[in-house]
Amino acid sequence: MKIVVIGGTGRIGSKLVNKLREHGHEAIAAAPNTGVNTVTGEGLAEALKGASVVIDVSDSPSWDDAAVLKFYETSTRNLLAHEARAGVGHHVALSVVGTDRLSESGYFRGKIAQEKLIRESSIPYSIVRATQFFEFLKGLADLSMVGGKVHLPPVLFQPMAADDVASGVARVAVGAPANGILEIGGPEQFRLDDLVRRRLASLHDPREVIADPNAPYSGATISEKTLVPGSNARLGVTTFETWLTQPAAQRPAA
Ligand SMILES: NC(=O)c1ccc[n+]([C@@H]2O[C@H](COP(=O)([O-])OP(=O)(O)OC[C@H]3O[C@@H](n4cnc5c(N)ncnc54)[C@H](OP(=O)(O)O)[C@@H]3O)[C@@H](O)[C@H]2O)c1
């Protein structure tokens with residue numbers, strides 16, 4: 001199958017392209033630096049020619065509220081219109097567990113808009129909502145600084161390895177469209193503040209993590225189960241301790 005991966009050069013996209021190729025598919029990594037831009041439309045018609053499936057694992061280059069909304073609205077509209085013209089039979093998009101519960105967050109208003117456009121389009125689809133990636137834990141600390149300390153609510157948290165996210169999305173992409181939402185998550189549950197504290201310790205990052213029940217997540221007030229998937233979620237295999245031993249965990253940006 002020809003499968004176009006929008007955002008195929010990114011954290012999830014590059015793993016996804018490799019996994020699909022290992023399974024004998026013709027996987028195309030589509031991103032601005034491979035000549036495909038979903039915002040401007042550049043290169044889209046050519047990339048989608050003959051494609052059976054399009055997987056969208058792109059992300060907005062800016063996480064400013066207005067920029068994220070504009071990115072997901074413009075790129076999803078462009079993509080779906082080009083897919084209709086090219087006769088694509090399955091649109092797969094990566095979203096986030098709890099997206100519908102996070103509308104107070106500007107980033108998540110962008111993801112809500114993306115999901116809505118997909119649901120309302122004529123293209124058969126599968127929306128895969130994943131929990132946070134282990135690779136995002138340090139970034140989460142960086143986004144949660146108040147007065148030199150990391151403030152996070154001690155809510156339930158079930159993150160997963162980016163590699164398991166890519167495997168989960170690949171499995172969905174080669175199957176029949178769900179025309180609905182599927183959830184994937186990590187194999188273990190933690191408290192959000194506790195896991196970020198452990199991640200910073202593994203990086204010898206001295207920042208203190210405060211369990212603050214009133215601290216927002218990505219600008220939204222959250223409660224005990226906002227970030228965790230339901231009981232039907234397919235779970236990844238990589239535990240946090242195993243992930244810590246892998247090369248991905250040694251990168252300072254992770
Ligand atoms: N962070 C988390 O914990 C988490 C959890 C669940 C789901 N997600 C979702 O996972 C998805 C992927 O995340 P990621 O961390 O893999 O993202 P990433 O590493 O930032 O990669 C983003 C990709 O999007 C591409 N892109 C940007 N603008 C584009 C455009 N105009 N046209 C085509 N491609 C464009 C980038 O290409 P260039 O590099 O060339 O700019 C890059 O390949 C996102 O949709 C996010 O919402 C994230």
Side-chain angles (χ1 to χ4, degrees), residues 4-19 27-44 46-48 54-63 67-79 82 91-100 102 105-115 117-118 127-144 157-166 168-170 172 181-186 192 195-196 199 217-218 226-229 233 236 243 248 251 253-254:
V4 177
V5 181
I6 306 292
T9 58
R11 181 158 43 188
I12 301 299
S14 50
K15 293 178 187 295
L16 191 50
V17 166
N18 288 339
K19 286 180 192 289
I28 309 293
N33 63 21
T34 70
V36 183
N37 189 319
T38 49
V39 172
T40 63
E42 182 202 345
L44 260 184
E46 187 58 33
L48 265 51
V54 170
I55 310 177
D56 185 3
V57 289
S58 65
D59 203 354
S60 173
S62 160
W63 282 11
V68 176
L69 185 61
K70 191 153 186 265
F71 174 83
Y72 278 118
E73 285 188 337
T74 311
S75 82
T76 308
R77 269 199 196 102
N78 278 340
L79 197 48
H82 278 86
H91 178 93
V92 180
L94 181 57
S95 191
V96 189
V97 164
T99 287
D100 50 321
L102 289 159
S105 154
Y107 182 82
F108 284 95
R109 285 196 292 277
K111 297 301 286 184
I112 289 169
Q114 177 191 21
E115 290 190 357
L117 286 164
I118 294 167
I127 293 171
V128 181
R129 286 186 181 165
T131 57
Q132 288 66 33
F133 317 150
F134 292 143
E135 286 79 354
F136 177 58
L137 293 174
K138 180 181 170 290
L140 188 51
D142 298 344
L143 292 170
S144 308
F157 192 49
Q158 201 172 327
M160 61 194 297
D163 199 56
D164 286 345
V165 177
V169 173
V172 170
I181 294 167
L182 304 161
E183 290 188 324
I184 57 177
L192 175 55
L195 195 66
V196 171
R199 176 59 179 143
Y217 175 82
S218 183
T226 303
L227 301 179
V228 292
W243 178 79
R251 289 188 203 116

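Side chains are part of it too, since the values below use all heavy atoms of this structure and drop only hydrogens, waters and symmetry mates. Counting starts at 1 for both ligands and their atoms, in listed order.
Judged by distance alone, the side chain of T9 and the main-chain N or O of A31 form no donor-acceptor pair under 3.5 Å.
Note on ligand 1: F134 sits outside its first shell, no heavy atom being nearer than 4.0 Å. Under a 4.0 angstrom heavy-atom cut-off, S95 registers as being in contact with ligand 1.
Residue-to-ligand polar distances keep P61 apart from ligand 1: every N/O pair is separated by 3.5 Å or more. Geometrically, ligand 1 and I12 share a nitrogen or oxygen pair separated by less than 3.5 Å. Checked by distance only, ligand 1 and T38 come closer than 3.5 Å through their nitrogen or oxygen atoms. In terms of N/O distances under 3.5 Å, ligand 1 is approached by S58. Of the polar atoms of G13, none of the N or O atoms is found under 3.5 Å from an N or O of ligand 1, judged by distance alone. Inclusion of Q132 in the set of residues having an N or O under 3.5 Å from an N or O of ligand 1 is not warranted.
Considering D59, T131, T40 only, the shortest heavy-atom separation from atom 27 (C) of ligand 1 involves D59. Between atom 28 (N) of ligand 1 and the options F136, F108, Y72, F71, the minimum heavy-atom separation is to F71.
Atoms of ligand 1 lying under 4.0 Å from at least one heavy atom of V36, given by number and element, are 32 (N), 33 (C). For ligand 1, the atoms sitting less than 4.0 Å from at least one non-hydrogen atom of Y107 are 46 (C), 47 (O), numbered in the order shown with element in parentheses. Near N33, with a cut-off below 4.0 Å to any heavy atom, the atoms of ligand 1 are 40 (O).
Contact annotation: for F133 versus ligand 1, heavy atoms closer than 4.0 Å belong to both the backbone and the side chain. Contact annotation for R129 and ligand 1: no heavy atom of the residue comes within less than 4.0 Å of the ligand. Counting heavy atoms under 4.0 Å from ligand 1, residue D56 does not touch it at all.
Looking only at heavy atoms of the protein, atom 10 (O) of ligand 1 is closest to L94 CD2, 3.2 Å.
Using cut-offs of 30° and 60° for the angle between ring planes, the Y107 and Y72 rings count as perpendicular.
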Check the pair I12, D59 against side-chain contact (heavy atoms from CB on, under 4.5 Å), reporting the backbone distance first and the verdict last.
CA-CA 10 Å; I12 301 299; D59 203 354; over 6 Å; no
